[in-house]
Structures are given as C-alpha cells and as structure tokens.
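Reading through the structure tokens given below for one structure.
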Protein chains: 2
Amino acid sequence: MYNYKYPHPAVTTDCVIFGYDIREGLSVLLVQRGIDPFKSRWAFPGGFMKIDEDADTGARRELMEETGFEAESISQFGTFTAVDRDPRERVITIAYMALVRKGSVQGGDDAADARWFPVSAVPPLAFDHDRILRIALERLKEQIHFRPVGFELLPEVFTLPQLQALYEAILGVRFDRRNFASKMQKLGLLVPTGERPADAARRIPQTYRFNAQKYDELKQSGFRLEF
Amino acid sequence: MYNYKYPHPAVTTDCVIFGYDIREGLSVLLVQRGIDPFKSRWAFPGGFMKIDEDADTGARRELMEETGFEAESISQFGTFTAVDRDPRERVITIAYMALVRKGSVQGGDDAADARWFPVSAVPPLAFDHDRILRIALERLKEQIHFRPVGFELLPEVFTLPQLQALYEAILGVRFDRRNFASKMQKLGLLVPTGERPADAARRIPQTYRFNAQKYDELKQSGFRLEF
DNA sequence: ATACATACGCGTAATATTTACGCAAATATA
DNA sequence: TATATTTGCGTAAATATTACGCGTATGTAT
C-alpha cells in the first residue's frame with residue numbers, strides 16, 4: 001500500500017500507431033481488452049506508467065508488451081484528463097503517436113489480439129479513445145507539413161503514385177499527378193532506385209527511396225514540406 | 001491519507017504565459033517560489049491538480065490564484081515526466097501556454113510576486129522549467145503559422161510596424177516593411193481604425209484592429225498565415 | 001521658421017512558384 | 001494487334017514573392 005496526504009490520479013500511457021497500405025488506407029493498431037472495464041472492446045495499446053520510469057519509456061514498454069512492436073520514434077501529442085474518463089478511479093493518460101511500416105508489425109500474432117483497423121472502420125473504442133483518435137488524426141494532418149510522414153508510413157521502396165495516394169488519404173484532398181511529382185522531385189528527397197517492381201496495373205511506375213540525409217539538411221534550415 | 005495498491009505520481013499544471021511589448025519584446029510571466037524546493041527561485045505559475053477537476057480547470061485555477069489573471073484560452077502543449085524532476089516525490093506536470101495582452105495582467109500586485117521577464121533575460125528557473133520554456137517557444141514558432149498569435153499579443157489597436165516587430169521577434173527574422181504590409185493587407189485580417197495615435201517617433205503610422213470574423217472564415221477553409 | 005534625418009505608405013519591375021493540362025510512351029487485357 | 005489505362009515529360013498562364021525607388025509626414029536641431 002502506498003499512502004499520500006492528498007489523492008493522486010493514476011497515470012497511463014496510450015499509443016496511437018498509424019500504418020498505411022494501398023488497400024486499407026490509413027490504419028491504426030488496436031488491442032482487444034481482456035478485462036473490465038470495457039472488456040472485449042478495442043483500445044489503443046497502453047497501460048499504467050511505473051513510478052520509476054518516464055512516460056516515454058512506459059509507452060514503449062506497454063507497446064512492446066501488448067503488440068510485440070518496438071517503435072523507432074514516438075511523439076507525445078496530448079494528455080487526457082477528463083475526471084470521469086475511467087470508471088474505476090481517477091486516471092489521466094498521456095497519449096503518443098507513431099508512424100510505422102505496416103509490414104513491420106505482425107498484428108494478431110503472439111501478443112493478445114493486436115489488429116489493424118482502417119481509420120474509416122474503427123469500432124467504438126474503450127474509455128475516451130475515440131476522442132484521442134480524433135485528436136491524433138488532427139495532429140497527423142498538421143505534422144505532414146513539417147515531417148516526412150509519408151516516407152515513414154510507406155515501405156522503404158515506393159512509387160510516386162503510392163506516395164501521392166498516401167498524402168491524399170491523410171489530407172483528404174486530391175492533387176494533380178504531374179504537379180505532385182515535380183514538386184516532390186524538386187525537394188530532392190527522392191532517390192530513384194533504378195529498379196522497377198513486378199507490379200500489377202498498367203504502366204509500371206518508377207520506384208524511389210527516401211533521402212534521409214537530404215531531409216536532415218533541409219530540416220536544419222527550417223523548411224516546410226508544402227502540400 | 002489516501003491509499004493505493006500501486007504508487008501514483010502527483011500531477012501538477014504549469015502555465016507559460018506569453019506577453020509582448022515593444023520595449024521588452026516577448027516576455028513570460030513568472031512567480032517567485034515562497035517555499036522549498038527551489039525557494040525564492042522563479043517558476044511558471046502552477047500547482048497540484050485537484051482530484052475532482054480536469055487539468056484545464058486546474059491550470060486556470062492556479063493561474064488565477066497565483067497571478068490574479070483569468071486567461072481566455074490556454075492550450076496544452078506537453079507533459080513533462082522525467083523521474084527526478086521534483087526532489088520531493090514523483091511529480092509529472094501538464095504544461096499550458098497562453099498569449100495575453102500584457103496590459104491585462106498587473107504583475108507584482110496582490111498575488112505573490114508575479115513579474116514579467118523578457119524571454120532573453122529569464123533567470124534560471126525552478127524544476128525543469130527552463131526546458132518547459134524552450135519547448136513552449138518552439139511551439140509558439142510553429143503556431144504562428146496557424147494562429148493569429150500576433151493579434152492576441154498586441155493591444156486591440158496596433159500599427160503595422162508593431163505587428164511586424166512582433167513577428168520578427170518571435171520568428172527571429174527580418175522582413176521588408178513594404179512586403180510585410182502588403183501581404184498582411186491582402187489577408188484581409190486588418191481593419192483600419194481611422195484614428196492616429198499620439199505616438200512618439202517620426203511619422204505616425206496608421207492603426208488597425210484585428211478582424212476576428214474574417215479570421216474565423218479563413219480558418220474554416222483551412223488556410224495558413226504564411227510568414 | 002527652416003533644414004534635416006528618419007520612418008511611413010504606395011507602387012512597380014524582375015523573378016519564382018503554382019496551377020492546369022496537352023501529349024507521347026508503356027503495359028495489361030481483350 | 002487493338003484498346004483502355006497509367007506513367008512521365010513538358011509548357012503556358014496565372015499567381016505570389018522579392019527587391020527596392022520615391023514622395024510624404026513628422027520630430028529634432030539650428
């Protein structure tokens with residue numbers, strides 16, 4: 001038992017993990033709760049922060065425990081503190097988001113039931129996680145102007161039409177294919193691989209890699225990814 | 001005494017209140033601590049969140065108690081959770097920022113010793129508040145592209161050179177006076193007052209008000225304040 | 001008063017960027 | 001082999017950015 005002179009809230013972390021593929025579009029990784037409250041409802045992976053770890057560490061630990069996934073970089077985007085957001089006791093949660101290559105997470109494997117859901121088909125979630133998702137999506141839209149989110153979500157080798165489809169999915173707009181291509185090329189963040197994939201469809205597009213070094217240079221000089 | 005099966009951190013809120021005037025530039029509102037730890041050091045107004053209030057409410061309450069100031073809108077920008085950030089016990093803090101007209105806060109009055117400090121002359125702060133300030137400044141620079149921060153910091157009636165000086169102070173760059181003016185005018189967010197102030201200096205510039213209604217319209221259609 | 005230094009406001013030409021879209025080449029399918 | 005579809009290149013028109021000239025208003029010095 002731990003005693004305090006004044007009541008303290010419990011503190012949890014939750015991770016909104018975004019993934020993307022052409023078929024399902026933008027997706028999030030959810031786990032099904034095994035216990036009450038909200039038993040059998042889907043929720044973001046997360047759990048109670050330990051007293052001797054900071055929130056970042058706790059978020060990574062819970063993510064690993066519940067999904068087997070080790071995120072490269074997670075970013076805190078909000079802390080949710082509504083008084084009644086947990087029926088058990090006062091609990092506040094620190095929310096993180098991460099962008100991952102969907103292939104690198106094997107949902108529904110070992111750990112519990114982790115599954116990808118397209119953001120357009122997310123079921124009603126536990127706690128206030130619906131609200132957390134809404135805020136996360138807003139932040140993602142903002143971040144796309146500063147961070148190379150497209151490259152973090154796509155496989156290492158990708159085509160321009162794929163990249164464009166991702167931007168359109170996140171921002172909810174349509175671009176002219178030729179203008180998108182030339183704008184992207186001019187940024188210098190794309191490296192042609194030379195290879196061509198044995199894709200389906202009509203004419204086979206060229207493939208590219210992300211030029212991370214060039215991005216770091218541009219970041220230093222405070223530029224923006226304008227789309 | 002309150003008992004928990006697992007240890008819980010204490011939770012505080014802190015408010016980074018930004019103000020601005022031409023003489024001191026961008027400033028923050030600080031209060032001097034009366035008790036240990038960090039007794040007599042300056043810190044952001046804030047304190048322990050109550051168990052039956054959410055963090056926003058707690059932040060506003062503490063701000064009022066310590067500075068007598070009622071903020072119109074505060075926005076959460078980060079939660080700081082380093083394990084050793086408070087020497088007493090495990091404390092995490094939810095940080096808020098607000099932009100206010102300096103005239104509306106009478107620093108150093110009733111409540112404790114609240115005083116404005118230019119951001120360029122902030123003394124070493126209590127806890128990890130130096131770090132909190134650094135993050136707040138970064139967010140302010142980002143937000144200036146989406147929010148009319150200039151208008152929130154200036155008096156209701158202001159001149160174009162004043163607005164320009166504020167933008168330059170926050171972003172740390174210089175603009176051409178004529179280009180800045182025409183760009184601002186084209187946005188349609190400025191309403192000339194017709195009056196001219198009994199200012200000092202050379203030629204007296206025109207005064208303007210912020211067109212809040214026009215801003216709301218533009219915000220709907222997802223624009224950006226580009227400077 | 002008058003001259004001078006300084007700051008404001010208008011306007012404009014040169015350059016760069018954005019936008020819309022034509023057209024030929026590549027490829028799966030019929 | 002014909003057809004429909006998609007990629008990649010190029011370009012003209014519209015728009016935005018940038019640099020800066022010039023006249024006017026105003027406080028200060030003489």
Side-chain angles (χ1 to χ4, degrees), chain A residues 21-23 144-146 150 154-155 157-169 171-209 211 218 221-227, chain B residues 21-23 25 144-146 150 154-155 157-169 171-209 218 221-227:
Chain A
D21 66 37
I22 205 85
R23 282 191 312 108
I144 207 171
H145 298 292
F146 299 93
L154 289 174
V157 171
F158 54 86
T159 68
L160 267 179
Q162 283 174 352
L163 184 61
Q164 179 174 350
L166 170 55
Y167 268 80
E168 292 179 340
L171 291 174
V173 294
R174 305 272 296 160
F175 299 110
D176 179 273
R177 159 180 67 86
R178 294 148 292 191
N179 292 338
F180 182 88
S182 66
K183 205 165 180 177
M184 265 296 168
Q185 311 258 23
K186 244 184 288 180
L187 285 173
L189 297 176
L190 299 177
V191 184
T193 63
E195 300 148 31
R196 293 184 162 243
D199 217 328
R202 315 287 174 232
R203 180 174 174 178
I204 295 169
Q206 269 198 286
T207 58
Y208 297 89
R209 287 171 197 283
N211 186 341
L218 287 173
S221 44
F223 90 123
R224 286 221 300 288
L225 278 165
E226 282 303 343
F227 280 101
Chain B
D21 66 35
I22 206 84
R23 282 191 313 108
I144 207 170
H145 298 292
F146 300 93
L154 288 174
V157 171
F158 54 88
T159 68
L160 266 179
Q162 283 174 351
L163 185 61
Q164 179 174 349
L166 171 56
Y167 269 81
E168 292 179 339
L171 292 174
V173 294
R174 304 273 296 162
F175 300 109
D176 179 273
R177 160 180 65 87
R178 293 149 291 190
N179 292 339
F180 183 88
S182 66
K183 205 164 180 178
M184 266 295 168
Q185 310 258 24
K186 244 184 287 180
L187 285 174
L189 296 177
L190 299 177
V191 184
T193 63
E195 299 146 32
R196 295 185 159 242
D199 216 327
R202 314 289 175 233
R203 179 172 174 180
I204 296 167
Q206 268 199 286
T207 58
Y208 297 88
R209 285 172 199 283
L218 287 174
S221 44
F223 90 122
R224 287 223 299 288
L225 279 164
E226 281 305 341
F227 280 101

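The sequence lines fix the lettering, A, B, ..., with proteins before strands; numbering per chain opens at 1.
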At a cut-off of 3.5 Å, list every protein nitrogen or oxygen paired with a nitrogen or oxygen from nucleotides 9-12 of chain D, distance to 0.1 Å.
none

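As rounded to whole Å, 13 Å separates atom C1' of C:dA7 from atom CG of B:L160. For B:M184 and C:dC8, the CE to C1' distance is 17 Å, given to the nearest whole Å. Per the geometry, CG belonging to B:L163 stands 15 Å off C1' belonging to C:dC8, to the nearest Å. The interatomic distance linking B:K186 (NZ) with C:dC10 (P) rounds to 14 Å, in whole Å. Distance B:I204 CD1 to D:dA25 C1': 9 Å, rounded to the nearest Å. Rounded to an integer number of Å, the gap from B:Q162 CD to C:dA7 P is 15 Å. The separation between A:F175 atom CZ and C:dT19 atom C1' is 13 Å, rounded to whole Å.
Annotation: the terminal axes of the helix from C:dA1-D:dT30 to C:dA30-D:dT1 meet at 10°, where each axis is the rotation carrying the C1' atoms of four end pairs onto the next four (5 pairs per end, rounded to 10°).
The side-chain contact (heavy atoms from CB on, under 4.5 Å) check on B:A169 picks up B:Y20, with sequence neighbours excluded. For A:R174, the side chain to side chain donor-acceptor pair (under 3.5 Å) partners are A:E168, not counting sequence neighbours. Qualifying side-chain contact (heavy atoms from CB on, under 4.5 Å) partners for B:N179, counting only residues two or more places apart in sequence or in other chains: B:D176. B:Y167 pairs by the ring pair (Phe, Tyr, Trp, His ring centres under 6.0 Å) definition with B:F180, B:F227, not counting sequence neighbours.
Checked options A:V191, A:L187, A:L190; the residue passing with A:N211 is A:V191 (criterion: side chain to side chain contact (heavy atoms under 4.5 Å, CB included)).
You'll find the side chain of B:R209 reaches within 4.5 Å of the side chain of B:V157, heavy atoms only. Looking only at side-chain heavy atoms (C-beta outward), B:L160 and B:Q185 come within less than 4.5 Å of each other.
Comparing C:dG9, D:dT17, C:dA25 against the side chain of B:P205 picks out C:dG9 as the nearest.
Judged by distance alone, with hydrogens and angles left aside, the side-chain atoms of A:Q164 form a donor-acceptor pair with the main-chain N or O of A:F175 at under 3.5 Å.
Checked by atom type, the side-chain pair B:T193/B:T207 shows a donor-acceptor distance below 3.5 Å.
Look at A:K183 and you won't find any side-chain N or O under 4.0 angstrom from OP1 or OP2 of C:dT17.
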